[in-house]
Visitor: 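Below is the structure I would like to discuss, written out as structure tokens.
Remember, predicted model here, so these are calculated numbers, not experimental data. Lettering follows sequence order; numbering is per chain, from 1.
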Amino acid sequence: MTTEARTDLPAGTSAGTRPRLLLVDGHSMAYRAFFALPDTLATTSGQVTNAVFGFTSMLTNLLRDEQPTHAAVAFDAGRVTFRTERYPEYKAGRAATPDEFRSQVPLIHEVLDALHLRYLSAEGIEADDILATLAGQASAAGMDVLICSGDRDALQLVNDDVTVLYPVKGVSELARMTPDAVEGKYGVPPRQYPDLAALVGEKSDNLPGIPGVGPKTAAKWVTTFGGLDELLARADEVKGKAGEKLRDHLEQVRTNRELNALLTDVTIDLGLDDLALTGFDREAVHRVSDALQFGQMRDRLLAVDPAGEPAGEQPTGSVEIEVDDVAPGGLAAWLAARTGRLGLDVSGTTTPVGGDAWKVAVAGPDGHAVVYDTEDLGSEDDKALAAWLADEAAPKVVHGAKAAWHALAGRGWDLRGVEFDTELAAYLCHPDQRGYDLGDLAERHLGRRLGVAAPAAQGALDLDLDGGATGELEAARAATVGDLAEILAGELADRGAAHLLSDVELPLSRVLASMEHAGIAADVDYLTDLEKHFAAGVADAAAAAYDVIGREVNLGSPKQLQEVLFDQLAMPKTKKIKTGWTTDAAALQDLFARTQHPFLEHLLAHRDVTRLRTTVEGLLRTVAPDGRIHTTFYQTIAATGRLSSVDPNLQNIPVRTEAGRRIRRAFVVGPGYETLLTADYSQIEMRIMAHLSGDEGLISAFRSGEDLHRYVGSRVFQVNPEDVTPEMRAKVKAMSYGLAYGLSAFGLSQQLGISTGEAQGLMDDYFERFGGVRDYLTGVVEEARATGWTATLLGRRRYLPDLTSDNRQRRQMAERMALNAPIQGSAADIIKLAMLGVRREMDAQRLESRVLLQVHDELVVEVAPGERAVMEELLRAQMGAAFELDVPLEVSVGAGQNWHDAAH
DNA sequence: CCGCAGACGTA
DNA sequence: CGTACGTCTGCGGT
């Protein structure tokens, strides 16, 4: 078990400066951080991050201050070591490692992976033994060594080449233990420190010392006798009480010395060259920082990237690009001189109506750019710009083409020929990310900071007017978009997702732009009346509620409601939440079933009608001057591939209750159009489940044309389809849909109001009959765990690193996401394809109707006069043929003067 | 003025 | 102890 010391100088070091190896005892430093920092350091999902945060902070400081050329982190592995075998009491009596710490160790590994920093562990070997071995090899190879460890045993390694950094307070303050420092503090040179420690004992290792002998006495003995061996051999020469004690504890001292000697001959697979710092995986740094919700820490980390730009010399967008001063009328020639993809940046307002473009910047691959203020374009340049923008054959790269389209539309300009959208591309690569700000992407993928360098000496009031006027920022954005496209195109290709951008998301963004621009007509008078009606309902419910309890409270305040329910009315406690006990609708209904208290009825009614009122108020606020409501569909939000709808959200307009459906009647066919059509997929997620699982039973259920839940119910309960009762059907329906979400027996029992046992029995019976579904569901999680991602029918990936988390809650959450993502995401793929097909056919037939809304499995269309039949057929055909599954895709279509009546 | 928590609407 | 979203309100911080 010996490793020969290497004497060659490690690669990657220039002559003249000595290479410097940083060695960190990962476990001891992280553990210190864990206790030094509050457990309120956590992600919003509840993962405590104090240890990983503190550890990362310490590491960052070391990389910054010590400038190592090489580094390694060692971790303890296994409870049993040669020390515990030699001395079972070693480290006995230690409190068990808290789960909250244990769960952070893999997170620390993730951070280290992102930094391309090697970490080592060996079964039965402690971290410090690994460090001692590496330190020996490194100093033999002529390196300086820094050891960061909270274990004092490391002090024995200190010499002229090796310095120990020992934490004094938390992990932020490290004492620099050189030979002089060790001798100054303990009175013995480093090599004799273990002699001293053997006499004094080490409480944290459960190694008792000699009673009454402290560091002072021990140091005196070691110095006087020249070492521990000599001292023990001549123990009888030591006088007094202390001498007696020493003679009583000779064995213990020998044991201590044996145990505190660090191994220097551990077998290590890596050579010193392998420990060279090569630079961070910056993308992984971002990913980890996202996951751990690092704010400042992300920047601190990136600032110490050994491969990053030296601090203070970070390139800005402005130095990368030259803004050409083109003479009036010269734009056409400038554009004509540049073939290939040009980067385009449009600044202005990007609302679906009333958008406006203020500045347009175009950057070429030659490092030149032009920036135009749309207000003072000469008529010739105006024409040239409009022509270029609308030219399908003039290839462009844009960050967020849909928004640019809206802005340009405000100037009457069309935008065509967009070949690449960096925002969509970044989303396809990392669909779980929070946002896709161009500046963030530039930093992450190009290592470039966007923006005009601010003059450092000037005060904050000295605005960068010059930079703004010359359009450097816009030019930099346009150039960055162009550069980013190259990188992201490669990344997309790596994931096999290039076609998703070019064939799905990019063409879809144009369809979405038209939908948003069209908007849906709203009956404002009707909405206004409805608002009054609901407002009266709110007042009535509130008055009735106050009457019951004899006082006025804010019924919208869960906090005040808790007082009323659990203090004043002394009702039984509901489910526990962070702030006490829940007052959600399910809990209130449960309380009502048990207490029949009238307050609950009024409260529930108040909730319902308040919600409806605010929904109506919100809608009224968003009606545009054209009398229509223009939502914005976000294409890069949902990690599964779905769209989302904002301002207002038209994907959550009530439909389940009668009162809610009244709101749907406010969405009407607009003037000049004949009717609204809705077309929706029936049971698309279950059909995808049938397809993906290949389950024979489920597939024949869909092929038979029988009611799905009745069919499944007949199989599960083993009765004839006609004997499936409504109760049986409801249970099976809940279970079928729950499966796609990772529903547990407990969850199913809660939803159906049955026992967990009954729910489990139901699930067992289901899987007994539909084994293919079970196999598929377990397989999809296994595969995702192996690959790190799930994929939809079109290859849209979702990455789920938490599948291998050793935090059970996070892991199980990731497992449910893995179950759901392929199903929900494939449904999203299919309706996106359908929307493209619908659009293509409508264009081909030159129809005047228009698609207005998408609600995940439904499209809402405004039908131009005379087009109703053809549109109905077109929708059925295109939606039904969007993707060929092993089961038919069924589409139902309805028509009416408003959204409610168009439903079927 | 901002962010969080709770509640709740949709697929 | 069921996925994916967006919005509103109250509340406690700034």
Visitor: At under 4.0 Å, does any side-chain N or O of A:Arg798 touch on OP1 or OP2 of C:dA4?
Guide: yes
Visitor: Have A:Gln635 and A:Glu505 got a donor and an acceptor in their side chains that come within less than 3.5 Å?
Guide: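 Side chains of A:Gln635 and A:Glu505: pair found under 3.5 Å.
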Visitor: B:dC8 base to A:Arg611 side chain: any donor-acceptor pair below 3.5 Å?
Guide: yes
Visitor: Return the orientation label for the A:His517 and A:His406 ring planes: parallel under 30°, perpendicular over 60°, tilted otherwise.
Guide: parallel
Visitor: Please check: side-chain N/O of A:Arg811 versus main-chain N/O of A:Ser805, any donor-acceptor pairing under 3.5 Å?
Guide: yes
Visitor: Have a look at A:Ile830 and tell me which of A:Asp857, A:Leu885, A:Leu794 forms a side-chain contact (heavy atoms from CB on, under 4.5 Å) with it.
Guide: A:Leu885
Visitor: What does nucleotides 9-14 of chain C look like as a protein-contact string, B for base, S for sugar-phosphate only, - for none, at under 4.0 angstrom between heavy atoms?
Guide: SSSS--
Visitor: Does A:Ser645 make a side-chain N or O approach to OP1 or OP2 of C:dC5 shorter than 4.0 Å?
Guide: no
Visitor: Between A:Thr582 and B:dA7, does any side-chain N or O lie under 4.0 Å from OP1 or OP2?
Guide: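 Yes, within the criterion.
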Visitor: Looking only at side-chain N and O atoms, does A:Arg642 offer a donor or acceptor that is under 3.5 Å from a partner on A:Gln651?
Guide: no
Visitor: Under 3.5 Å, is there any donor-acceptor pair linking the side chain of A:Asn652 to the base of B:dG9?
Guide: yes
Visitor: Just the rounded figure in Å: distance from C1' of B:dG6 to CG of A:Leu555.
Guide: 15 Å
Visitor: Looking for any heavy atom pair under 4.0 Å, which part of the strands does A:Ala745 touch: base, sugar-phosphate only, or nothing?
Guide: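 Here A:Ala745 touches no strand at all.
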Visitor: Classify the side chain of A:Arg607 versus the base of B:dA7 as yes if they form a donor-acceptor pair under 3.5 Å and no if they do not.
Guide: no
